[in-house]
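Below you'll find the structure, written out as structure tokens, and then a few comments.
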Amino acid sequence: MIKCPFCQTSHVDGTLFCNECGTYLLDDDQRGTDPLGTSEIGWVGDTAEDPVATSDYRGTGPLAIRLSIGKHKRVVEIPLNKAIHLGRLDPASDVFPEIDLTNDGGLEKGVSRRHARILKREGIVVVEDLGSINGTFVNGKRLAPYLPETLSSGDTLQIGRLLIEVELRS
Amino acid sequence: MNTSPLTPQRSTGKHSSPLSMQPILSHATIKATPNEQACYVMLEISPSKDLPTSRLPLNLCLVLDKSTSMQGIRLQQVKEATRQIIDFLEPEDTLSLVVFSDKAEVLLPGQKNVDKALAKSVASTIQPSGGTEMLQGLLAGLQEIQTNRSEMSVNHIILLTDGRTYGDDEECIKQAEWAGLNQISLSTMGIGADWNEDLLEKMADVSGGTSTYIDTPRRIVESFKATVRELSTIVAREVSLVIELADNVTLHEAFQIAPHIRRLDINDDHKLALGPLGTNNRKIITLELRISNAEPGKQQLMRLNVMGDVPTQALNRQADNWTDITVNVSSDTDAEVVIPPVIITALGKLAIYKMQEKAMQDMASGNIIAATQRLETMATRLLNLGETELARAALLEAGRLARTGSLSSEGRKKIRYGTRSLSILPQEL
Ligand SMILES: [Zn+2]
């Protein structure tokens, strides 16, 4: 039997999604448990109360990530103290990604509004596709949705068809 | 029915099946264990490439609610939609027109080679009046369809209503079941917030049709047109998936994922009814299996056959064309599990749909707190998928539920029709 990390319901082995709460069960991390109340709606789970996103800030591993985005190599450096969302800004839908790819040709390049997120987990920097339409790729390999993949310096991250070079800063 | 379900019995290949099936398995390898474990199969069912795509003649009846509440823009849009459908028809198609309020009236008896100008002028005479007695309209529509059907025709009723019908729900469902058994499918469309989605959905499901929530009159025309366009691509009727399971395997649940999500009833004979199949509406099905006593080696889980009535290929209704589904069973417990992303995506959406089902059940049994929490969790999942609008609707309704103990009629429809359309929502990038 396997136990849902979110609601503790038991399921037979091999079950992929929790019947009670919809959590993906294959990973034994806390993914998908982002807190959300009726009072707030928007880009959730990336604030201080998200244990996944904040627990490693003082731990080992890189402190920041530097991204060179698109053919103009727009450089963004951002600390890894919380999850960093990549997508397209859409205030009408309450989508406010930390890294807005709208002006990097995001729409034409197939970037979803909520596309992917980067975060540090046990000292390791990982990227996770958030069920985007056109996919997230690391060095050309498409990621399964919601399955975190390790990111290292020198990797090429691809958001839809938008290329981003990755450098980790200690 | 099947004394030896797993005797190898491959197609002889004399006639290739007119319907093709592509299965994908969630786990290429499962664990060798006596304990029960889950495994999923996703199937895409579509007409074979070499099937002639000649258009079958339509035998179409529009059954339209003309009750007082339809007055104004609703009725105006219904008339416009009717006119556009009339223009779409080919000479060999049959059209009939029924309106109903307290009673039904056949405005245009079924006819081929429709006199388009006449039909349009008849449609323009519809005047709103009276209440909503759907059964009357349905019966008149079925009568028209029966009178005008042929061996080859695609028989279909588009029923549009904006209100609740009182007292005749059960009889409506019975008639819809009868229609399904007689190769007549129903598109049931509800406009506004005052109709009964349980009833309309059930009527569509049992007849092999589709129900549609039309939130604004502006969408009436496109809904009608989309339905008729789809009907004109139908190549197979009464499609079903026949499943034969190995002794140590059971079928836990079955869902249609596309064109929209719906739960498939599992009967004793393990034959899933899928309704008609068109060239541009492939069906995607997921089956959740439970396997016990898996022993190392190759294990055949089941075999599958798609059957259907393909009017252009009289021979093939019973095409004997089985596909074996086989999995590896391994004692290596540390083997990495790789699930195909398409399965994760489909089941993720299905999980949300099932939470909606459960929230409605919680509510029906008076468990408001559980239902509220379920809606909130559902909203989180929807946000993860980028379905902001639906997430917002779920949160609003969760709040309302917590305060008042019930959902709004509109919110209930938004959530129901939104979650079941998750797989096909025009997913804006
Ligand atoms: Zn759970």
Side-chain angles (χ1 to χ4, degrees), chain A residues 1-2 6-7 11-27 31-45 87-88 90 92-95 106-115 117 128-136 142-147 160, chain B residues 26-27 30-31 33 35-40 252-253 288-292 337-345 347-355 358 370 372-389 391-392 394-402 427-429:
Chain A
M1 295 293 259
I2 45 178
F6 184 56
C7 72
H11 300 280
V12 302
D13 285 343
T15 306
L16 291 180
F17 285 89
C18 175
N19 248 337
E20 290 297 313
C21 72
T23 298
Y24 185 56
L25 296 173
L26 206 59
D27 269 0
R31 183 170 41 72
T33 61
D34 306 344
L36 177 71
T38 41
S39 56
E40 70 203 76
I41 176 164
W43 193 286
V44 294
R88 284 189 294 111
D90 183 1
S93 313
D94 287 345
V95 178
L107 185 57
E108 302 88 310
K109 299 258 186 205
V111 176
S112 293
R113 289 175 299 175
R114 275 161 222 282
H115 200 111
R117 66 176 189 174
E128 192 178 18
D129 180 80
L130 298 175
S132 68
I133 314 295
N134 293 307
T136 302
R142 183 165 184 162
L143 308 185
Y146 303 109
L147 287 185
Chain B
S26 62
H27 300 70
I30 60 171
K31 276 186 252 176
T33 165
N35 298 332
E36 209 178 24
Q37 57 186 314
C39 182
Y40 306 79
H252 186 66
E253 277 182 335
E288 180 174 345
L289 305 177
R290 291 293 160 80
I291 306 157
S292 44
V337 182
V338 181
I339 313 289
V342 283
I343 291 201
I344 299 175
T345 306
L347 293 180
K349 289 172 174 173
L350 181 57
I352 294 175
Y353 177 83
K354 283 159 76 172
M355 286 174 70
K358 286 207 162 161
T372 307
Q373 283 172 351
R374 194 96 66 186
L375 287 176
E376 284 172 1
T377 313
M378 201 176 98
T380 312
R381 304 279 170 256
L382 286 166
L383 280 174
N384 285 339
L385 286 179
E387 299 288 353
T388 322
E389 204 170 310
R392 191 189 295 275
L395 276 184
L396 280 175
E397 291 302 320
R400 182 192 303 269
L401 187 58
Q427 297 189 24
E428 191 233 336
L429 285 171

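Chain identifiers are assigned alphabetically (A, B, ...) following the order of the sequence lines, protein sequences preceding nucleic acid strands; residue numbering begins at 1 within each chain.
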Report yes if some heavy atom in the side chain of B:Q373 is under 4.5 Å from a heavy atom in the side chain of A:C21; otherwise report no.
->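 They are not in contact (no side-chain heavy atoms under 4.5 Å apart), so the answer is no.
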Are any of the side-chain heavy atoms of B:T380 and A:F6 separated by less than 4.5 Å?
->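 No - every pair of side-chain heavy atoms lies 4.5 Å or more apart.
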Minimum heavy-atom distance [X]-[Y], with the two atoms named:
{"X": "B:I344", "Y": "A:A144", "answer": "CD1-CB, 4.4 Å"}
{"X": "A:F17", "Y": "B:Y40", "answer": "N-OH, 4.4 Å"}
{"X": "B:T388", "Y": "A:R113", "answer": "OG1-NH2, 4.3 Å"}

Is it the backbone or the side chain of A:D129 that comes under 4.5 Å from a heavy atom of chain B, or both, or neither?
->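 A:D129 has no heavy atom closer than 4.5 Å to chain B.
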Taking every heavy-atom pair that is under 4.5 Å apart, which of B:I339, B:V337, B:I352 has the most such pairs with chain A?
->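 Among the listed options, the one with the most contacts to chain A is B:I339.
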Go through B:T345 and A:Y146 one step at a time and tell me if the side-chain contact (heavy atoms from CB on, under 4.5 Å) criterion holds.
-> CA-CA 9 Å; B:T345 306; A:Y146 303 109; over 6 Å; no
Evaluate the criterion side-chain contact (heavy atoms from CB on, under 4.5 Å) for residue pair B:I343 and A:L16; output intermediate values, then yes/no.
-> CA-CA 10 Å; B:I343 291 201; A:L16 291 180; 4.2 Å; yes
Is it the case that more than 12 heavy atoms not belonging to B:K31 sit under 6.0 Å from its NZ atom?
->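 Count not over threshold, so no.
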Does atom NZ of A:K109 have more than 12 heavy-atom neighbours from other groups under 6.0 Å away?
->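 Atom NZ in A:K109 is not packed in, count stays at 12 or less.
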Closest-packed option against chain B by number of heavy-atom pairs under 4.5 Å, given A:G135, A:G14, A:S132, A:G160 |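 Ranked by contacts with chain B, first place is A:G14.
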Distance, nearest 0.5 Å, that separates NE2 of A:H11 from CD of B:E36 |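 Taking NE2 in A:H11 and CD in B:E36, the distance rounds to 13.0 Å.
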NE2 of B:H27 to CG of A:D13: how many Å apart, nearest 0.5 Å?
->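 Rounded to the nearest 0.5 Å, the NE2-CG separation comes to 9.0 Å.
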Apply side-chain contact (heavy atoms from CB on, under 4.5 Å) to B:T377 and A:E20, showing your working.
-> CA-CA 10 Å; B:T377 313; A:E20 290 297 313; over 6 Å; no
